[in-house]
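Each chain gets a letter, A, B and so on, in the order its sequence line appears, and its residues count up from 1.
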Protein chains: 2
Amino acid sequence: MAGPDRKPTIIDVARLAGASIKTVSRVINKERYVSPDMQERIEKAVAELGYQPNMMARSLASERSNLIGHLYGDAGGPYTLEIQVGLLNRCRAHGYHLMIEEIDYRSPNVEQRASAIVNQMRLDGVVLTAPVTDNPIVLRILEDAGVPYVRVTPQQESETSPSVRIDERQAAYTLTQHLLALGHRRIGFIKGKANHTATILRYTGYCEALTDGGVAVDPVLVEQGEFTYASAVPCARRLLDQPHRPTAIFASNDEMAAAVVAEAHNRGFSLPANLSVVGFDDTPLAEMMWPPLTTVRQPVREMAETAADILIGLLSQRGKVDWPKPVPHQVLAHTILLRQSTSRPPGKA
Amino acid sequence: MAGPDRKPTIIDVARLAGASIKTVSRVINKERYVSPDMQERIEKAVAELGYQPNMMARSLASERSNLIGHLYGDAGGPYTLEIQVGLLNRCRAHGYHLMIEEIDYRSPNVEQRASAIVNQMRLDGVVLTAPVTDNPIVLRILEDAGVPYVRVTPQQESETSPSVRIDERQAAYTLTQHLLALGHRRIGFIKGKANHTATILRYTGYCEALTDGGVAVDPVLVEQGEFTYASAVPCARRLLDQPHRPTAIFASNDEMAAAVVAEAHNRGFSLPANLSVVGFDDTPLAEMMWPPLTTVRQPVREMAETAADILIGLLSQRGKVDWPKPVPHQVLAHTILLRQSTSRPPGKA
DNA sequence: CGACGGAATGACAGCGGTGCCATTTCCACC
DNA sequence: GGTGGAAATGGCACCGCTGTCATTCCGTCG
């Protein structure tokens with residue numbers, strides 16, 4: 001109980017176990033060439049002292065920080081949170097710690113900030129989520145610093161870094177087909193934020209499904225939103241107030257779908273009888289709203305876990321060449337969730 | 001362009017600027033006693049080399065990690081995310097980095113894990129959110145390690161650590177009063193997870209308001225939920241299927257309120273005409289559902305920012321006694337948000 | 001004019017580990 | 001019995017920075 005007040009160091013352990021610090025280090029790091037006897041003595045000493053290796057010292061000496069960073073752009077949403085949960089799961093399992101950094105990708109000093117994050121903290125690896133995934137400055141900094149990174153993004157697969165995604169185009173295609181199959185012909189669409197890759201892919205899927213189904217894409221039925229509830233309200237209004245209004249609306253994410261639903265309720269429509277609505281993402285909101293929303297589930301958590309696995313897998317074999325060729329790309333399965341916000345269009349019972 | 005390949009160190013800067021590394025260190029740390037001339041030379045050298053101090057080395061030498069941890073229990077929800085956004089804001093502003101760690105407070109090795117997090121990473125300070133705030137093991141470890149922490153929790157204020165909260169009892173009281181003022185007399189209540197402090201306080205506020213308003217608390221109208229949508233579904237059913245059913249329902253959080261709303265819709269009720277519903281927290285869901293939910297807004301982000309401020313404020317004056325006496329406790333203002341899920345009870349127009 | 005105090009700078013020893021390179025011990029094998 | 005090599009251990013420099021304690025260089029003051 002007496003003993004020195006400060007935290008025990010490896011030296012204390014070595015002394016107590018009657019070994020050299022180097023040998024203690026070996027035990028801590030599970031290296032080979034330690035006799036069972038010695039190992040036991042050292043482990044006992046560690047336990048007795050409650051010794052915990054100092055990460056800082058470890059990192060300094062070994063050039064490995066055991067830190068993984070999550071760089072993301074828009075603070076918000078359940079998406080980011082799910083990503084973190086997934087990352088955390090894997091980090092914990094593999095002895096890494098997670099450092100999260102929001103980065104304003106529009107700000108003029110992204111460069112400075114990204115560089116500070118990466119270089120000062122000496123992150124071992126980084127996971128990027130949209131829209132940071134598309135920022136060339138950030139990517140360059142990571143490349144320059146030689147920090148491996150994995151991107152979680154629906155974007156075009158790249159030669160230089162691994163990525164994890166679902167097939168967003170296909171998902172949107174299938175979801176649109178579902179509406180067509182129900183008999184809808186006038187299907188409104190609310191796009192996401194301009195320039196986001198997801199926006200483009202989801203819209204493409206919608207267009208292709210219509211075309212393949214023999215329905216022309218009508219620009220009057222396409223609105224530009226920004227992935228937020230508020231942004232979708234005016235879109236929903238314009239769509240619903242048209243004289244010849246759509247019988248179904250495909251919103252590019254669940255939040256915007258919620259806005260459509262709210263506007264429909266406001267007008268006294270009964271859903272889905274008067275109007276079918278579908279969203280995208282399957283955020284918690286989707287099943288909490290009324291009627292529960294037909295949408296497509298993106299396995300966000302699994303995607304994050306996969307990203308972490310790829311990253312950690314690489315880190316563990318560092319010293320090799322940069323990336324295995326070809327660079328790994330994972331496409332995870334999505335799920336179309338048919339809930340109660342869709343039905344046959346009015347008059348086509 | 002040529003130059004050494006490795007990242008520049010303080011030594012390179014010193015050499016280039018013709019100064020000692022100690023002086024460079026002074027400039028980096030904005031210490032006093034550096035001549036303007038010297039300062040300029042060094043800053044120029046730093047810029048030229050793109051020098052970034054190595055946090056690991058810094059931490060090791062200075063015994064300060066510039067790391068703040070967020071320890072939380074239940075992965076989920078917009079709450080955790082908002083907290084992180086708030087913390088991140090402050091961390092960024094003050095040069096700290098945020099390390100997030102989920103900790104399973106029920107697991108048998110909480111102790112080991114909490115200790116590992118705190119001691120290995122040498123966190124400078126920690127912010128706790130419920131329900132980790134109430135875990136004596138974790139608290140003890142923090143105390144033992146001498147790591148200052150701030151709790152974001154409605155719980156009883158403690159002598160030993162600062163806290164940030166809103167007056168949950170009062171908020172619930174006011175919200176209940178609102179329902180009473182509208183003319184409701186049979187007001188159902190769905191409690192949160194047992195043993196959570198918030199659960200108790202919200203329920204207490206409800207009971208007190210009823211009593212003060214001359215209405216007896218009817219146990220038939222009180223259900224036990226767990227703060228989740230799913231847990232509230234059966235509660236809502238029991239409440240709504242009673243022969244003499246309540247005209248209003250107070251759910252202990254927004255998610256559970258959403259469940260009530262969904263069940264009401266299922267029964268073809270029109271809201272709020274047939275049933276008033278209120279929630280608690282003002283999660284994004286509250287304004288995205290239909291009808292938009294009357295609830296009480298907890299300024300979660302500000303609470304996190306306040307917690308961070310308290311913590312950082314303390315860290316900056318380290319070397320003093322532990323905590324200033326008395327330990328700071330902040331109570332932030334909540335806001336009752338009257339939206340469209342409440343109205344006079346049927347028949348009392 | 002010498003003493004003295006503050007400003008400006010530097011030397012050097014750690015902080016607590018790991019990497020690299022001995023060194024010692026112990027066998028197996030010829 | 002000599003020898004080569006793997007197993008087991010230790011010594012020590014060093015990772016990149018800060019804390020502590022000189023040291024130098026003034027300007028001021030009695």
Worksheet item: Hey, is A:Arg122 close enough to A:Glu63 for a salt bridge, meaning N to O under 4.0 Å?
Response: no
Worksheet item: In whole Å, what is the span from the OH atom of A:Tyr33 to the P atom of D:dT9?
Response: 13 Å
Practice prompt. Please state whether the phosphate of C:dT9, meaning OP1 or OP2, lies under 4.0 angstrom from any side-chain nitrogen or oxygen of B:Ser35.
Written response: yes
Worksheet item: Taking only side-chain nitrogens and oxygens of A:Thr9, does any of them come within less than 4.0 Å of OP1 or OP2 of C:dG16?
Response: no
Fill in: Nearest to side-chain heavy atoms of B:Glu31, which nucleotide of D:dT9, C:dT18, D:dG19
D:dG19
Fill in: Interatomic distance where CD belongs to A:Glu63 and P belongs to C:dC20 [whole Å]
11 Å
Item to complete: Please figure out whether A:Arg32 or A:Lys22 has its closest DNA chain D nucleotide nearer the 5' end.
Response: A:Arg32
Discussion item. In this structure, how many angstroms lie between the P atom of D:dG10 and the CZ atom of A:Arg26, rounded?
Written reply: 8 Å
Fill in: Distance, rounded to the nearest Å, where A:Met56 contributes CE and C:dG16 contributes P
13 Å
Discussion item. Determine whether a donor-acceptor pair (N or O, by modelled atom type, separation under 3.5 Å) exists between the side chain of A:His97 and the backbone of A:Leu88.
Written reply: no
Response to the item:
Taken to the nearest whole Å, NZ/B:Lys30 to C1'/C:dA8 is 19 Å
Worksheet item: For the pair made of CG in A:Leu60 and C1' in C:dG14, what is the distance, rounded to whole Å?
Response: 12 Å
Practice prompt. Answer yes or no: is there a side-chain heavy-atom contact under 4.5 Å between A:Ile68 and A:Met99?
Written response: no
Worksheet item: Between C:dT18, D:dG16, C:dT9, which one does the side chain of A:Ile21 approach most closely?
Response: C:dT18
Discussion item. Please determine whether a side-chain nitrogen of the Lys or Arg among B:Arg113 and B:Glu101 lies less than 4.0 Å from a carboxylate oxygen of the Asp or Glu.
Written reply: yes
Worksheet item: So, is B:Ser20 near the phosphate of C:dG10, with a side-chain N or O under 4.0 Å from OP1 or OP2?
Response: yes
Item to complete: Nearest whole angstrom, please: distance from the P of C:dT18 to the CG of B:Asn54.
Response: 16 Å
Worksheet item: With distance as the sole criterion, do the side chain of B:Arg122 and the base of C:dG16 form a donor-acceptor contact below 3.5 Å?
Response: no
Worksheet item: How do B:Ala61 and B:Ala19 order along DNA chain C: which one's closest nucleotide is nearer the 5' end?
Response: B:Ala19
Worksheet item: Within this structure, what is the CD1-to-C1' distance between B:Ile11 and D:dT18, rounded to whole angstrom?
Response: 13 Å
Worksheet item: Below 4.0 angstrom from OP1 or OP2 of D:dG10, is there any side-chain N or O of A:Thr23?
Response: yes
Worksheet item: Above 12 or not: heavy atoms from other molecules or residues under 6.0 Å from CD of A:Glu31?
Response: yes
